[in-house]
Student: 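Pasting a structure below so you can have a look.
FYI, side chains are in, hydrogens and waters are out, and symmetry mates aren't considered; it's all heavy atoms of this structure. When a ligand or atom number is given, it counts from 1 through the structure's own listing order.
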Amino acid sequence: QTGSANTNPSDSADDEYITNVSIGTPAQVLPLDFDTGSSDLWVFSSETPKSSASGHVTYSPSKSSTAKKLSGASWSITYGDHSSSSGDVYTDKVTVGGFSVSSQAVESATKVSTQFVQDTVISGLLGLGFDVGNTVKPRAQKTWFSNAANSLAQPLFTADLKHQQTGSYNFGFIDTTLAKGPIGYTPADGSEGYWGFTATGYSVGGAKLNRNSITGIADTGTTLLLLDDDVVNAYYNNVESAQYDDSQQGVVFDCSEDLPSFSFGVGGTTITIPGSLINLTPVSDGSSTCFGGLQSSADIGINIFGDVALKAALVVFDLGNERLGWAQK
Ligand SMILES: O=C([C@@H]1CCCNC1)N1CCCCC1
């Protein structure tokens with residue numbers, strides 16, 4: 001068995017990617033942010049304060065004949081960007097891309113932080129990280145993919161995120177036609193709940209890869225490519241107008257600049273992010289100053305290969321072999 005779901009950028013900056021998920025009986029369709037950097041499936045619901053839920057599609061367990069309250073269970077999560085949410089837990093049927101898990105923990109939000117209140121294009125997150133990262137207490141719950149894995153043709157999924165176009169999350173199979181190059185595999189470290197891996201080196205503008213390894217995570221829920229300052233500086237030293245903008249909390253440059261590419265080695269292959277993907281968006285509508293898709297990870301303490309990097313590749317999240325595959329596209 002397999003599943004295949006389309007995913008779409010939420011806005012002109014590809015800030016996040018929206019994937020529709022069916023929950024309950026009859027189906028309640030919610031737009032969720034699939035997040036390989038976390039392990040909770042949580043939703044805006046009939047239990048979310050009305051003032052917070054305004055503008056969001058919500059899940060009503062009372063309207064689902066297959067919903068069951070998970071007695072005594074609660075959850076609470078705080079993300080790296082200091083956004084947060086918490087609540088109680090139901091189990092219900094959850095279908096993604098035509099594949100159904102009959103009894104999935106659906107975490108209902110009774111509290112959401114302002115970042116989520118304001119982000120009305122999504123109704124929650126679907127975590128695709130490792131189960132160890134799930135926040136439900138007293139007993140951690142499995143992710144949708146973990147519940148699905150044993151029934152899928154192969155215990156893996158792929159992410160094919162695109163700039164301003166429809167992409168896909170495929171479950172149980174690899175559509176190699178989505179890639180231009182071979183898939184390079186490297187071990188994945190799931191001990192922290194994320195998909196951790198090590199790139200063997202990097203280069204700017206098509207130069208030869210150096211041998212400075214970069215350890216980080218593959219995170220579909222993070223917009224940017226966040227790396228160490230020495231890498232960020234090595235890149236922007238090639239961008240004449242680049243400067244750190246305190247108000248923007250990042251490196252900005254003239255939108256007219258022809259940005260160099262950024263490449264990294266992984267699993268014996270090389271992934272090259274075209275400069276065009278690193279020119280993310282004007283800092284404000286109509287501005288000629290643009291915000292960089294590559295920024296510093298110094299404040300976070302972990303390197304994150306977010307959507308800016310993922311858009312350059314077909315990425316295989318292979319749970320069965322505890323490995324990550326990367327192919328140029
Ligand atoms: O909270 C996050 C991210 C936030 C954006 C969405 N993905 C999960 N973490 C990943 C990096 C280390 C800290 C935890």
Student: So, using side chain to side chain contact (heavy atoms under 4.5 Å, CB included) as the criterion, who are the partners of D33 when residues are at least two apart?
Tutor: E16, I122, L125
Student: For ligand 1, run through the N/O pairs with the protein that fall under 3.5 Å and put one pair on each line.
Tutor:
residue  : atom  : partner : partner atom : Å
ligand 1 : 1 (O) : G80     : N            : 2.6
ligand 1 : 7 (N) : D35     : OD1          : 2.9
ligand 1 : 7 (N) : D35     : OD2          : 3.0
ligand 1 : 7 (N) : D219    : OD1          : 3.2
ligand 1 : 7 (N) : D219    : OD2          : 2.8

Student: Using the benzene-type ring in the case of Trp, are the ring centres of F305 and F197 under 6.0 Å apart?
Tutor: yes
Student: Does K69 NZ have over 12 foreign heavy atoms under 6.0 Å away?
Tutor: yes
Student: Report the residues that fulfil side chain to side chain contact (heavy atoms under 4.5 Å, CB included) with I302, sequence neighbours left out, ordered by chain and then residue number.
Tutor: Y194, I217, I300, I304
Student: For this output row, return yes or no: ring centroids of F262 and Y202 closer than 6.0 angstrom.
Tutor: yes
Student: Which pairs count as disulfide (SG to SG under 2.5 Å) when at least one residue sits in residues 271-302, sequence neighbours excluded?
Tutor: C255-C290
